[in-house]
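To start, the structure under review is shown below, and the notes come after it.
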Amino acid sequence: MNLAIIGAQWGDEGKGKIVDLLAPHFDIVTRYQGGHNAGHTVIIRRDGIEQKFVLHLIPSGITHPGKTCVIGNGVVVDPRALLIEMEDLRGQGIEVNPKNLLVSNRAHLILPYHVALDRAIEASRGGNAVGTTMRGIGPAYEDKMARRGLRAGDLTDPSTLAEKLTHTARQANRLLSVLGGEPIDEKVLIDDGMRWCDLLSPHICDTTYYLNRSTRDGSSLLLEGAQATMLDIDHGTYPFVTSSNSSIGGACTGTGIPPSLINMVIGVIKAYTTRVGGGPFPTELNDALGETIRTRGGEYGASTGRPRRTGWFDAVVARYAVMVNGLHALALTKLDVLDDLDEIRICTGYRINGRETDQVPYDANLMSAAEPVYETMPGWREKTVGINRLDDLPAKAREYVDRLSELSGAPFAFISTGAERNETIISSEMLSRHGLDLSI
Ligand code: IMP
């Protein structure tokens, strides 16, 4: 059984928790796009002690012994960030070795000049800045598409690496001098490159063959999306997006696993909406309530610490995510954050230049002009934290959840009511219909 997990909003929906909860039931967990711009927070209890892990590049499955974690070909890998994350995990008592962490030899590298370029390009955008994570993601994907990038596989051949790094660094430095960015030191880059060869080569292999062979031989695969549908380079609020396909298409192109092998796709969605960085956000709350949701939900970036923008649930976005990804089900997260509200709004459509629509416009300017059309529901004003049975939800919370599902066009397979694994309502019956048995 192979399952893909996708963000259904603008990211930070709590995918890390859902992947972590599912990982014990899969043999392999793979990332397929993005890079260390992602921040997946996982909280687990080991030997009675609570441990918090923030994973950026390594699949969340790494905290589970016996699982193989794969960084797929569609991911952009910063060797420095990867090595730091490996060391941090080891420091927290997690085993990381060439058997449980594989990196695709086709995955493109983020090199220090990509980070410098990200900074310089963002600075040149002025008021139209995307608000990137400054991790070099966009420039690395640019080099990939321009067919001049270096790949993880290049780190397995030290004899040619110095020449490749010198060539690409010189090109990048020329560009940086035009953009007014800081040039990078070729010699330091080559020394670092040689060190990365030593440390990372044992992990680098052909994961396309590995994943296909393993799944055809009966291993189960969990495909862990980063970012989200509305940040997808094609389907998101372009140009305020990330530079990869974070919707379902990326799961195939970013692993080499064909669509026919993916049995189920689940979208993770918050009970309200957040977004980090610039770009349109029709249901944004720029008021005290927005601040309350930010504080209660701990809405600060896991990667950058930036405060997230907050707003009401947007069913136009949810329906779009269900459509674009063919979501079989949704995982609703952070319901408990709304526990104290008197009333709760849901956006059911947009009014753009005087006309109503239930569709996401293709143009970011039109999306910025969208006034949300709301329906209002009463709050439940009761604690839902930690509830793990649907029948135990307060009646009004249940009505809210049912309405979200109805408007989104997909059922909820999970409803998360807290950060811990057991603080989750799970529809086992729905999952088993798709071939996933969580009781095993
Ligand atoms: P980049 O991916 O660093 O190029 O940033 C592009 C846009 O995607 C910015 O608005 C970022 O804030 C946003 N972004 C990138 N990664 C994440 C994430 O993991 N969660 C939420 N937003 C993200």
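Atoms within a ligand are numbered from 1 in the order they appear, just like the ligands themselves.
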Would [X] count as being in polar contact with ligand 1, using the rule that some N or O on each side must be under 3.5 angstrom apart?
X      : result
Arg275 : no
Ser243 : no
Thr132 : no

Quick one: does [X]'s side chain have a donor or acceptor within less than 3.5 Å of a partner on [Y]'s backbone?
X      : Y      : value
Lys17  : Gly418 : yes
Arg319 : Gly409 : no
Thr417 : Ile387 : yes

Query raised in the report: Taking non-hydrogen atoms only, is Asp118 closer than 4.0 angstrom to ligand 1 via side chain, backbone, both or neither?
Result: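 It is neither part, as no heavy atom is under 4.0 Å.
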
Report task. Just let me know how Phe240 lines up against ligand 1, side chain, backbone, both or neither, with a heavy-atom cut-off below 4.0 Å. Result -> neither

Requested in this report: Determine, considering heavy atoms only, which of Leu231, Thr242, Ile121 sits nearest to atom 1 (P) of ligand 1.
Outcome: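 Shortest heavy-atom distance from atom 1 (P) of ligand 1: Thr242.
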
Report summary line: Checking heavy-atom distances from atom 11 (C) of ligand 1 to each of Gly34, Gly131, Gly277, the winner is Gly131

With a cut-off of 6.0 Å (strictly less than), are more than 12 heavy atoms of other residues, nucleotides or ligands near [atom1] of [X]?
X      : atom1 : value
Gln92  : CD    : yes
Glu356 : CD    : yes
Glu50  : CD    : yes

Near [X], which atoms of ligand 1 are under 4.0 Å from a heavy atom of that residue?
X      : result
Val276 : 10 (O), 12 (O), 21 (C), 22 (N)
Arg306 : 11 (C), 12 (O)
Asp12  : 20 (N), 21 (C)
Trp10  : 21 (C), 22 (N)

Report task. Let me see the working for Lys187 and Asp185 under salt bridge (charged side-chain N to carboxylate O under 4.0 Å, His left out), right down to the final yes or no. Result -> CA-CA 6 Å; Lys187 185 170 171 335; Asp185 186 321; over 6 Å; no

Query raised in the report: For the rings on Trp10 and Phe281, is their centre-to-centre separation under 6.0 Å?
Result: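 Under 6.0 Å, so yes.
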
